[in-house]
Amino acid sequence: MKVSCLQENLAKGLSIISRAVASRSTLPVLGNVLIATDQGRLKLAATNLELAVTCWIGAKVDEDGATTVPARVLGDFVNSLPPERIDMELNVRTQTLHLKCARYDANIKGIDASEFPIIPTIGDGKRISLEPETLREMIEQVTFAAATDESRPVLTGVAAKFEKDKVTFAAADGFRLSVRNATLTAPVDQPVSVIIPAKALQEVGRVSGDQEEAIEMAVTENRSQVLFRLTNIEIVSQLIDGVFPDFTRIIPESHATRTVVSTAELQNAVKASSVFARESMNTIRLQVAPANELGGGKMTITATSAESGDNVGDIDATVDGESVEIAFNARYLADVLNNLRAPQIAIETSGSSSPGVFKAVGRDDFTHVIMPMHVGK
Amino acid sequence: MTIHILSDDLAAKIAAGEVIERPASVVKELIENSIDAGAREIKVETRGGGQRLIRVADDGGGIPASEVETAFARHATSKLNSMDDLFNIQTLGFRGEALPSIAAVARVTLITRARGEAAGTQIRVDGGKMLEHRAQGAPQGTIVTVEDLFRHVPARLKFLKTPATEAGHIADLINAYAVAYPGLRFSLVNDDRLVLQSPGTGKMLDVLVKVFGIEIARQMIEIRDWSLEIDSNSQSPSSNLQSPISNLHVSGFVSPPSVNRSTRKHMLFFVNHRWVQDRTLQHAVVEAYHTALMVGRAPIVALDIVLPPDAVDVNVHPTKSEIRFRDTSAVFRAVQHAVRAALVAHAPIPAANVGTPFVPRAFPASSETQLAINLHRPITDHASRITGTEAPISNLPSPPFQPPHHPTTQLPMLRVLGQIASTYIIAEGPDGLYLIDQHAAHERVLYEQLAAERASATSAVQELLDPLMLQLTPAQHAALETNRDALASVGFQVETFGSQTILLRAVPAVMKVSDPRAALVETIDEMEQGEEPLEKSAEARLISSVCKSIAVKGGQVLSLEEMRELVRRLEQTTAPRTCPHGRPTMIQLNVATLEREFGRK
């Protein structure tokens with residue numbers, strides 16, 4: 001293999017695939033990146049067997065070939081090179097990759113490319129076309145609610161459902177639920193319902209920043225893998241096998257009180273209360289009082305810590321319904337507020353032990369449910 | 001064969017056989033007499049392991065001249081008058097068998113002068129026969145000399161062990177009594193060599209210094225008058241029949257788990273100041289150490305259990321070393337709780353006892369435990385005691401030893417270095433290396449958090465998005481039903497859903513990230529098996545079960561950030577050195593040990 005490319009392109013490509021490199025694997029080749037020539041381009045790939053990311057960069061191929069080299073070594077070295085042309089040449093016998101850039105030279109010892117796992121690609125099957133900006137937003141608004149511990153694997157994933165021209169993403173960790181709907185640019189023939197690991201979706205969101213063209217998504221015949229194809233990037237992930245809880249049942253259909261507040265104001269008040277809440281199980285209390293003859297409606301945000309003290313914050317609120325008091329985990333509140341993407345938030349409640357429903361005012365595509373906290377009797 | 005009444009001599013020898021087994025039995029009977037006589041100082045001298053000579057001299061009340069001869073008659077005693085007294089025994093002896101029994105099997109010389117009498121009496125008895133009885137000048141008190149023990153009982157003589165062994169038994173006995181009666185000055189001289197001299201300062205610890213050595217004594221943990229709480233709904237069957245023992249006090253000293261022995265010989269129990277060997281009590285103490293001690297090891301213990309005389313029956317065996325409690329389980333619980341409480345409160349970090357296969361002989365391995373723990377002791381404090389103004393009461397040079405001032409239970413600031421075996425956190429403190437068991441540490445953190453919440457009635461409950469369904473076994477279901485209220489109070493909200501199925505609706509807010517179902521099942525199992533016989537209330541038991549089930553487990557990889565947070569929270573707990581089940585959360589390798597291990601010092 002003999003190939004030349006620009007340092008910027010190689011560095012960027014390596015950064016795109018970096019998250020798929022297995023950090024602690026018993027299989028050494030999984031700690032390597034695959035470097036291969038592919039129809040006049042240079043293909044970079046990494047996989048940890050759950051997630052695989054492939055990226056193509058422009059290059060001048062003099063001689064075809066492939067090898068794998070340690071991801072850390074290559075990545076760190078390339079990042080420290082000047083932004084000039086890099087010439088790479090592989091010594092096939094020793095599997096040593098020689099790099100030359102300006103006045104820098106390196107020889108990196110690799111492992112034969114044949115040992116690298118074959119990363120599946122999806123043929124000409126049914127593809128779902130997704131608008132990149134929408135997909136990114138959906139990923140952001142949903143994945144944070146997925147569980148991070150593996151005790152219930154299904155909850156580490158995002159339930160993705162495609163039907164006609166509708167797509168729904170939902171994630172829950174047992175205490176909160178995030179649901180985001182969107183309209184597809186092209187309807188699907190067959191309904192598709194899969195559970196995609198939240199980490200894989202986050203990776204799609206991360207690398208799709210520059211993406212302008214539609215992102216294509218496809219599920220393998222046996223429903224074990226999902227592929228996202230971007231311009232010059234492909235992400236393949238295992239799907240999670242299992243049944244996602246019926247989240248439509250969890251979202252309450254009615255409410256007693258609807259409170260609308262400024263997202264930024266509530267965000268700030270929650271941030272202030274978190275200082276005290278973090279020492280008392282992160283409990284933040286919201287008290288909502290409707291407008292009366294003394295003044296307009298308001299929401300009072302309080303937190304109390306036995307050790308460090310307490311605080312009270314007041315913000316204006318438009319309250320429709322009775323006064324209510326409800327407690328939530330501060331982190332859950334902060335998470336939904338950070339990902340709401342709307343200037344105003346509506347909180348629908350029916351009492352201190354009923355779920356709190358959070359919606360972006362002015363749009364009906366996002367619903368977030370947080371289960372309340374209360375003091376044990 | 002004809003049936004005939006045994007001769008007096010033979011009957012006496014048989015009876016003596018029950019009381020006097022070996023030289024130590026003689027010493028025991030005699031010093032008990034001395035103690036009952038109100039002696040302040042008891043001097044014991046033995047030769048030939050006690051077989052050739054035992055002399056017990058005291059400064060007690062003495063025996064009036066007119067009663068001396070009666071003292072040698074069987075069932076003669078000044079300690080008991082009526083039947084009622086038998087069930088309310090305040091003295092060590094009462095059977096009236098000691099002197100005649102000894103006299104039946106040895107040559108006894110008794111010199112005594114009662115308080116207020118001008119002249120003393122000397123009496124000599126050999127094999128039960130009176131040889132001499134005359135007036136003689138003597139100091140106040142009684143001196144009993146027993147010579148040629150078992151001379152007339154060759155069968156017994158044959159069964160005596162070597163003089164050294166018998167002397168050892170006598171030393172154990174005197175040690176025990178010295179500990180039981182710290183206010184008395186005991187001395188033991190064997191073959192002209194001083195074996196023990198107790199200071200008589202009235203402080204048990206001062207005696208322990210003499211008996212076990214200062215290094216062990218300074219580590220002993222004191223139990224200060226721990227009294228039993230009356231548990232009205234006690235489940236012990238015996239207490240249902242009788243009123244519970246109300247005045248049960250436990251005090252004394254126990255060794256930290258790091259100081260232990262391979263036999264239970266060093267577990268001294270005194271019931272109303274009577275030295276007893278009781279398996280129940282031994283078991284209670286060993287239970288209290290729970291898993292802190294390795295199998296087959298026993299702690300060093302000196303415990304005085306004081307309870308009303310009518311709550312204990314000492315008249316079980318002629319030597320009175322066996323006793324019966326009216327409410328054994330209450331005593332068991334009291335002792336266990338007392339020891340447990342003391343251990344948990346004072347548990348210092350066990351010092352890592354590093355094997356020293358590569359270290360030359362010059363570095364004694366045996367002293368390592370010692371050195372490590374000494375670091376926690378304010379040695380200056382002790383030094384100032386020695387030169388202090390408080391003059392010892394006795395004629396001995398030994399300073400009155402103060403209970404060791406235990407270090408504050410607070411941890412120093414620790415810097416987390418990493419994790420090994422995905423189970424232990426390595427941290428550096430100002431005094432060396434700490435290895436922290438992540439599970440035990442997290443349990444402690446959670447336990448205090450939950451307990452504090454319970455105390456302030458503010459335990460936070462997090463409701464579940466989707467109620468979780470659980471299938472329980474009938475046993476689990478029963479355990480759940482009995483503890484439903486307690487479970488609800490810590491935050492597990494459970495609904496019955498069919499016969500063996502339940503719905504879990506809410507969980508304690510502390511356990512957000514774990515698997516709620518597994519945690520509940522584990523908690524139920526814990527309650528079912530009742531691994532916590534030591535906790536007082538069902539709720540405390542529950543809390544510790546909950547902690548066990550929701551704490552981070554060994555084998556879980558933690559990020560540096562998570563470890564730092566855990567250690568920071570552990571530092572803030574009140575008893576960071578043990579988990580709620582009493583196991584240590586950390587061991588320490590101090591710099592001195594490391595230096596020795598590497599041969600730097």
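We name chains A, B, ... by the order of the sequence lines, and we start the count at 1 in each one.
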- Under 4.5 Å to a heavy atom of chain B? For Ile250(A) that would be side chain
- Note on the structure: In short, side-chain hydrogen bond (donor to acceptor under 3.5 Å, both in side chains) pairs touching residues 557-566 of chain B with sequence neighbours left out are Ser559(B)-Glu562(B), Glu561(B)-Arg564(B), Glu565(B)-Arg568(B)
- Taking everything shown except Phe276(A) itself, do over 12 heavy atoms lie less than 6.0 Å from its CZ? yes
- Message: Please report the interatomic distance NE2(His374(A)) to CD(Gln493(B)), rounded to the nearest 0.5 Å.
- Response: 4.5 Å
- Item | Heavy-atom closest contact (Met371(A) atom, Leu464(B) atom, distance) | CE-O, 3.1 Å
Review item, side-chain donor-acceptor pairs of residues 347-358 of chain A, under 3.5 Å, at least two apart:
residue: Glu348(A); atom: OE1; partner: His255(A); partner atom: ND1; Å: 3.4
residue: Glu348(A); atom: OE2; partner: Arg258(A); partner atom: NH1; Å: 2.9

- Minimal non-hydrogen separation, Phe175(A) against Glu463(B), with atom names: CD2-O, 3.5 Å
- Arg249(A) CZ to Leu465(B) CG distance, which is reported to the nearest 0.5 Å: 9.5 Å
- Message: Are there over 12 heavy-atom neighbours, none belonging to Arg363(A), within less than 6.0 Å of that residue's CZ?
- Response: yes
- Message: Let me confirm one number: the CD-OH distance from Gln462(B) to Tyr332(A), rounded to the nearest 0.5 Å.
- Response: 5.5 Å
- Message: Are more than 12 heavy atoms, taken from residues, nucleotides or ligands other than Asp246(A), located less than 6.0 Å from that residue's CG atom?
- Response: yes
